[in-house]
Number of protein chains: 2
Amino acid sequence: MEPALPCAACPLRPLPDFKPVTPTELASIYDAKVGQRLCAAGATILAEGQVATRVYTLLKGWAFRFKTLEDGRRQILNFLLPGDLLGLQGELHAALPHGVEALTPVNLCAFGSDALPRFFSRHPSIALDITWLSAHEERLVDDVVLTVGRRTAMERVAALLVHLYKRAASAGLIETSGIQLPLTQMHIADALGLSVVHTNRVLQRLRKGGFIRLEDQRLSIGDLQAMRRVGRYWEEPAPRRPLL
Amino acid sequence: MEPALPCAACPLRPLPDFKPVTPTELASIYDAKVGQRLCAAGATILAEGQVATRVYTLLKGWAFRFKTLEDGRRQILNFLLPGDLLGLQGELHAALPHGVEALTPVNLCAFGSDALPRFFSRHPSIALDITWLSAHEERLVDDVVLTVGRRTAMERVAALLVHLYKRAASAGLIETSGIQLPLTQMHIADALGLSVVHTNRVLQRLRKGGFIRLEDQRLSIGDLQAMRRVGRYWEEPAPRRPLL
DNA sequence: GTGGATCATTATCCCAGGTTAATGACGCCG
DNA sequence: CGGCGTCATTAACCTGGGATAATGATCCAC
């Protein structure tokens with residue numbers, strides 16, 4: 001594990017979607033960090049069922065949470081982008097009920113094992129932020145349930161692409177006319193409860209309809225509103241989120 | 001709203017699945033309660049998109065969280081049983097991203113609007129319990145995503161019935177050879193991303209296979225292990241959960 | 001006791017999406 | 001260079017589960 005990067009120079013924190021912190025809070029957060037963890041693309045960050053986990057903030061890169069059935073069927077629960085907290089479930093429960101895998105090379109800020117109790121006993125505002133992040137992730141998963149349970153394949157794909165586009169933007173990952181989308185079609189399929197083959201069919205239709213450009217892991221969406229309509233997908237405007 | 005019932009005489013707390021509390025904690029919890037709210041079966045407890053919500057603990061009865069698409073398709077996110085906390089999402093976000101509806105007559109313990117900040121600043125152990133409950137609910141929803149995304153209709157129904165059976169048991173609702181299951185087949189369908197008709201077909205098969213008895217809203221499961229196998233459903237042993 | 005809800009049940013029909021398989025395009029390694 | 005693994009793409013085929021509709025059974029309210 002690398003030594004911890006100084007939080008004062010955090011590249012994420014200045015982004016407009018993150019909630020400002022007081023200098024005291026920032027110091028406590030930095031204080032609780034024990035280092036950076038680097039993972040290669042495709043690496044397992046946290047194993048399904050793992051017992052002692054640590055809490056991390058994802059600083060750089062993409063990852064995803066997933067669960068599997070014993071016969072190999074896999075379901076992606078949600079994607080993790082810079083600023084997201086991970087490992088909280090393992091810290092609070094006995095074993096981690098899901099796995100976490102890196103999609104790109106990933107840089108994680110690691111917290112010490114005593115960070116959680118310390119925040120809760122000494123820094124109520126940070127404790128509340130942690131709870132907020134937990135509740136926020138649940139909100140995302142709630143959306144996934146609606147998508148997978150009640151949207152058609154076309155709606156699912158459109159909704160997911162809009163969702164990821166907006167989240168990437170919020171994490172400062174917008175580039176000229178598009179984002180880097182480090183997913184294979186299998187990831188999209190596993191996130192939406194579809195087969196790879198059908199995912200491909202739907203993507204073709206979206207491309208031929210002129211809704212998206214997607215090649216070489218670069219996604220651009222010509223008309224976001226049109227895509228929202230296709231996916232029946234409208235999120236509420238997101239408030240600024242805390243960052244640990 | 002009725003006056004708050006004394007927490008010292010709470011019928012839930014003595015159950016073996018709840019974590020013990022210190023007298024101090026119990027006093028603080030009781031202190032934060034502002035009363036009981038009663039809702040009829042079928043009533044909306046919290047409306048989708050509602051702005052100012054309150055936090056409640058479900059004391060008695062069954063309810064469910066849900067989201068809808070604008071054309072009416074509905075997805076049930078999870079079921080709420082005695083001991084569950086609800087409304088946290090509304091307290092932490094601007095608007096409640098899902099609705100909550102009562103399945104039976106329901107009795108809720110209501111917390112004051114300042115309860116959350118007060119717990120966090122003065123009672124770290126209770127604050128941590130709240131976070132635990134939030135993370136735990138997310139765990140349940142994660143399971144739902146796996147079920148709806150990757151299980152077959154038969155597996156879904158079996159897994160849901162086992163899940164609800166165990167949760168009802170944990171809330172002290174086991175009666176002679178079975179539980180009261182206050183759901184219509186439409187609720188089951190909406191929870192599993194199925195149509196009502198197909199849900200009925202699957203239930204018939206489970207009945208004819210001798211796996212379940214289900215009539216008149218009473219469910220009994222002859223062989224839990226067999227049902228688990230049908231549903232490919234195995235939960236980890238649940239640790240004792242906190243109760244607010 | 002009769003018209004109208006709601007809910008369970010079944011049958012008929014049919015399509016959205018799964019399964020299998022074959023083909024290419026790359027990129028990587030020896 | 002040639003073999004291999006991963007991905008994307010398409011075609012052919014088929015099935016799990018959706019849609020629609022009809023029939024009862026209760027349980028009201030009037």
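Numbers restart at 1 for each chain; the letters A, B, ... are given by sequence-line order, proteins then strands. Atom set for the values below is all heavy atoms of this structure, side chains included, hydrogens, waters and symmetry mates excluded.
- The backbone N or O of B:Arg73 lies less than 3.5 Å from a partner atom in the side chain of B:Asp71, making a donor-acceptor pair.
- A straight line from CG of A:Asn200 to P of C:dA16 spans 18 Å, rounded to a whole angstrom.
- Considering only side-chain N and O atoms, A:Arg205 lies nowhere under 4.0 angstrom from the phosphate OP1 or OP2 of D:dT10.
- Rounded to whole angstrom, the span from the CE atom of B:Met186 across to the C1' atom of C:dA8 amounts to 13 Å.
- Atom CZ in A:Arg150 sits roughly 17 Å away from atom P in C:dA16 (whole-Å rounding).
- Note on B:Arg156: nothing from the nucleic acid sits closer than 4.0 angstrom, heavy atoms only.
- The side chain of A:Ser195 sits closest to C:dG18 out of C:dA11, D:dA11, C:dG18.
- For the residue pair B:Ser177 / B:Arg213, no side-chain donor-acceptor distance below 3.5 Å is found, with atom types taken as modelled.
- B:Arg207 has a side-chain polar atom (N or O) that falls below the 4.0 Å cut-off from OP1 or OP2 of C:dT9.
- Backbone-only contact: B:Leu194 has heavy atoms under 4.0 Å from sugar-phosphate atoms and none from a base.
- Note on A:Thr184: only backbone sugar-phosphate atoms sit closer than 4.0 angstrom, heavy atoms only; bases stay farther off.
- Rounded to an integer number of Å, the gap from B:Asp71 CG to D:dG18 P is 15 Å.
- Rounded to an integer number of Å, the gap from A:Met154 CE to C:dG17 C1' is 13 Å.
- Below 30°, between 30° and 60°, or above 60°: for B:His93 and A:His136 the angle between ring planes is below 30°, a parallel geometry.
- Using a cutoff of 4.0 Å between basic side-chain nitrogens and carboxylate oxygens, A:Glu236 and A:Arg139 are scored as salt-bridged.
- Ranked by how close their nearest DNA chain D nucleotide is to the 5' end, B:Val196 and A:Gln185 are led by A:Gln185.
- Checked by distance alone, A:Arg201 brings a side-chain donor or acceptor within 3.5 Å of a matching partner on the base of C:dG18.
- In this structure, B:Gly42 reaches neither bases nor backbone, as no heavy-atom distance under 4.0 Å exists between it and the strands shown.
- If you measure from atom CG of A:Leu181 to atom P of D:dA8, you get 11 Å, rounded to the nearest angstrom.
- Distance CG (B:Leu192) to P (D:dG16): 18 Å, rounded to an integer number of Å.
- A salt bridge does not link A:Arg65 with A:Asp84: every distance from a Lys NZ or Arg NE/NH1/NH2 to an Asp or Glu carboxylate oxygen is 4.0 Å or more.
- In this entry the distance linking NE2 of B:His198 with P of C:dA8 reads 16 Å, nearest Å.
- Remark on DNA chain C: of its neighbouring residues A:Val202 and B:Gln217, the 5'-side contact belongs to B:Gln217, judged by nearest-heavy-atom nucleotide.
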